[in-house]
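Computed from heavy atoms alone, side chains included, the values below leave out hydrogens, waters and symmetry copies. When a ligand or atom number is given, it counts from 1 through the structure's own listing order.
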Amino acid sequence: MPEISTDLDLAVHYLKDGALVALPTETVYGVAGDATNDKAVANIFALKKRPEFNPLIIHYPHITFMNQDVEITELAKKLANAFWPGPLTLVLPRRQESKISFLASAGLDTLAVRIPSHPMTLQILRNFGKPVAAPSANPSSKVSPTSAQHVFDSFKNNPLLPLIIDGGACHVGIESTIIDLTVPIPKLLRPGKITAEEIKNLTGIVLENQSHSKSNPKAPGQLKVHYAPHIPLYLNCTAPKKDQALLAFGPHIPKGAAYSLNLSPSGNLNEAATNLFAMIRLLDNDRYASIAVMPIPKEGLGHAINDRLKRAAQE
Ligand code: AMP
Ligand code: MG
């Protein structure tokens with residue numbers, strides 16, 4: 001059974017030992033392992049039952065440490081200045097001399113890198129002194145975790161995860177925005193907290209949109225089924241049935257559902273993103289036939305929320 005703890009030295013000890021540790025980040029909880037250790041990386045895939053063609057994001061405490069693994073292009077510097085530490089992942093050309101496990105990057109000649117902003121995890125990364133590979137700490141294709149308890153619930157019987165660092169609830173609540181900088185026009189691979197509009201306003205960089213695909217190896221996080229609860233989830237619901245659980249948004253809630261939770265009674269998209277995965281987990285109960293989700297505005301952070309919901313939903 002994993003220990004839930006706030007002992008950062010213990011986390012460093014386990015990472016040095018090649019073991020996995022669940023860490024808090026501002027986006028969601030991650031399961032971290034030494035990114036240069038093939039065995040540790042293999043255990044991440046095994047723990048999550050994650051397909052091995054789906055590469056991992058490599059996390060660093062500071063941009064200077066990244067230089068040994070990836071080429072920090074001019075656009076990368078611009079984006080780093082504007083948004084790091086923070087919920088932005090950049091796909092960059094991998095350096096030949098990089099010691100990152102090829103399993104972590106699914107054999108690609110690129111690496112996805114990020115500096116998270118959670119102070120506990122930054123401290124662990126600094127003390128560990130090596131990058132960690134850290135995907136979300138949930139079984140592959142299931143709902144992402146935004147608390148230490150969520151991680152515990154998923155892996156309480158799994159000896160591959162001895163430790164969960166409890167850093168409280170994740171305040172962003174959905175995964176990082178991913179941008180591919182290895183193509184001629186920077187491409188948005190995954191929408192997230194940092195929107196294309198913000199990126200344009202702060203850096204002048206205009207992104208090309210990535211269209212969803214079932215098996216594009218450049219953006220495996222874009223697999224169509226992801227974030228899925230156990231019971232079906234339906235989108236754009238305005239008239240819930242009496243056996244459904246309603247995931248509401250905004251001040252005007254339709255009547256009729258068996259039970260409902262509101263992502264943001266005031267209609268605030270930041271609040272909705274923070275609550276998204278935790279509320280899906282709470283409604284994911286056999287007591288209900290399915291989860292009905294109210295329409296979420298397709299603007300700003302709403303793009304990322306709709307992206308996650310679409311892939312959590314039934315066709
Ligand atoms: P997760 O850690 O589960 O949130 O997913 C990480 C996502 O990062 C992957 O599913 C990919 O979409 C993306 N990613 C990681 N490495 C690369 C890479 N080298 N090129 C493109 N996308 C990547
Ligand atoms: Mg994930």
Side-chain angles (χ1 to χ4, degrees), residues 20 22-33 35 41 44-45 47-60 66 69-71 73 76 87-95 98 100-114 116 121 131-146 150-151 154-155 170 172-183 186-194 207-229 273 276-277 280-281 304 307-309 311-312:
L20 305 185
L23 298 177
T25 81
E26 74 279 29
T27 59
V28 301
Y29 272 71
V31 54
V41 173
I44 294 176
F45 283 93
L47 175 76
K48 284 179 60 78
K49 298 196 167 64
R50 181 176 171 114
E52 290 182 0
F53 59 78
N54 192 356
L56 308 175
I57 297 172
I58 312 300
H59 293 68
Y60 297 79
M66 262 178 207
D69 295 321
V70 288
E71 204 179 303
T73 61
L88 178 72
T89 295
L90 300 179
V91 175
L92 294 171
R94 177 187 173 118
R95 285 196 196 284
S98 166
I100 301 293
S101 158
F102 276 102
L103 184 55
S105 57
L108 298 171
D109 53 8
T110 57
L111 275 182
V113 295
R114 155 168 133 84
T121 289
V132 300
S136 53
N138 56 296
S140 186
S141 87
K142 299 298 185 209
V143 184
S144 302
T146 55
H150 292 160
V151 182
S154 293
F155 298 119
C170 300
V172 171
I174 56 176
E175 294 82 355
S176 58
T177 306
I178 304 181
I179 298 172
D180 188 355
L181 292 179
T182 66
V183 286
K187 200 184 237 179
L188 181 67
L189 295 184
R190 175 171 76 185
K193 160 80 176 154
I194 296 173
L207 302 177
E208 192 185 3
N209 244 314
Q210 157 93 10
S211 57
H212 285 173
S213 97
K214 273 200 166 112
S215 60
N216 179 351
K218 264 261 151 168
Q222 302 300 308
L223 289 172
K224 264 188 117 182
V225 182
H226 212 109
Y227 317 109
L276 181 68
F277 291 129
I280 289 177
R281 279 167 183 269
D307 168 77
R308 305 306 188 273
L309 283 170
R311 283 181 287 129

Taking only heavy atoms of [X] into account, list the atoms of ligand 1 that are under 4.0 Å away from them.
{"X": "N54", "result": "9 (C), 10 (O)"}
{"X": "L189", "result": "21 (C), 22 (N)"}
{"X": "I57", "result": "6 (C), 8 (O)"}
{"X": "R190", "result": "1 (P), 4 (O), 5 (O)"}
{"X": "P135", "result": "2 (O)"}
{"X": "L108", "result": "18 (C), 19 (N), 20 (N)"}

Check whether [X] reaches the backbone of [Y] with its side chain - one donor and one acceptor, N or O, closer than 3.5 Å.
{"X": "R94", "Y": "V70", "answer": "no"}
{"X": "T177", "Y": "I194", "answer": "yes"}
{"X": "R281", "Y": "V143", "answer": "yes"}
{"X": "R311", "Y": "A228", "answer": "no"}

>> Heavy atoms only: which of R50, R94, E175 lies closest to atom 1 (P) of ligand 1?
In response: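 Looking at heavy atoms only, R50 sits closest to atom 1 (P) of ligand 1.
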Below a 4.0 angstrom heavy-atom separation, can you tell me which part of [X], side chain or backbone, both or neither, approaches ligand 1?
{"X": "T110", "result": "both"}
{"X": "T89", "result": "neither"}
{"X": "I178", "result": "side chain"}

> Taking only residues two or more places apart in sequence or in another chain, which ones pass side chain to side chain contact (heavy atoms under 4.5 Å, CB included) with S144?
Replying inline: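 In terms of side chain to side chain contact (heavy atoms under 4.5 Å, CB included), with neighbours along the sequence ignored, S144 is linked to V28, S136, N138, E175, Y227, F277.
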>> List the residues meeting side chain to side chain contact (heavy atoms under 4.5 Å, CB included) with A134, not counting sequence neighbours, and say none if there are none.
In response: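 Result, side chain to side chain contact (heavy atoms under 4.5 Å, CB included) vs A134: A32, H59, V132.
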> So, is S136 placed with an N/O/S atom under 2.8 Å from the Mg ion (ligand 2), counting both backbone and side chain?
Replying inline: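 Yes - counting backbone and side chain alike, S136 has an N, O or S atom under 2.8 Å.
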> side-chain contact (heavy atoms from CB on, under 4.5 Å) between T73 and L90: does it pass, once the steps are laid out?
Replying inline: CA-CA 10 Å; T73 61; L90 300 179; over 6 Å; no
> R190 and S176: side-chain contact (heavy atoms from CB on, under 4.5 Å), yes or no, with the steps?
Replying inline: CA-CA 8 Å; R190 175 171 76 185; S176 58; 3.1 Å; yes
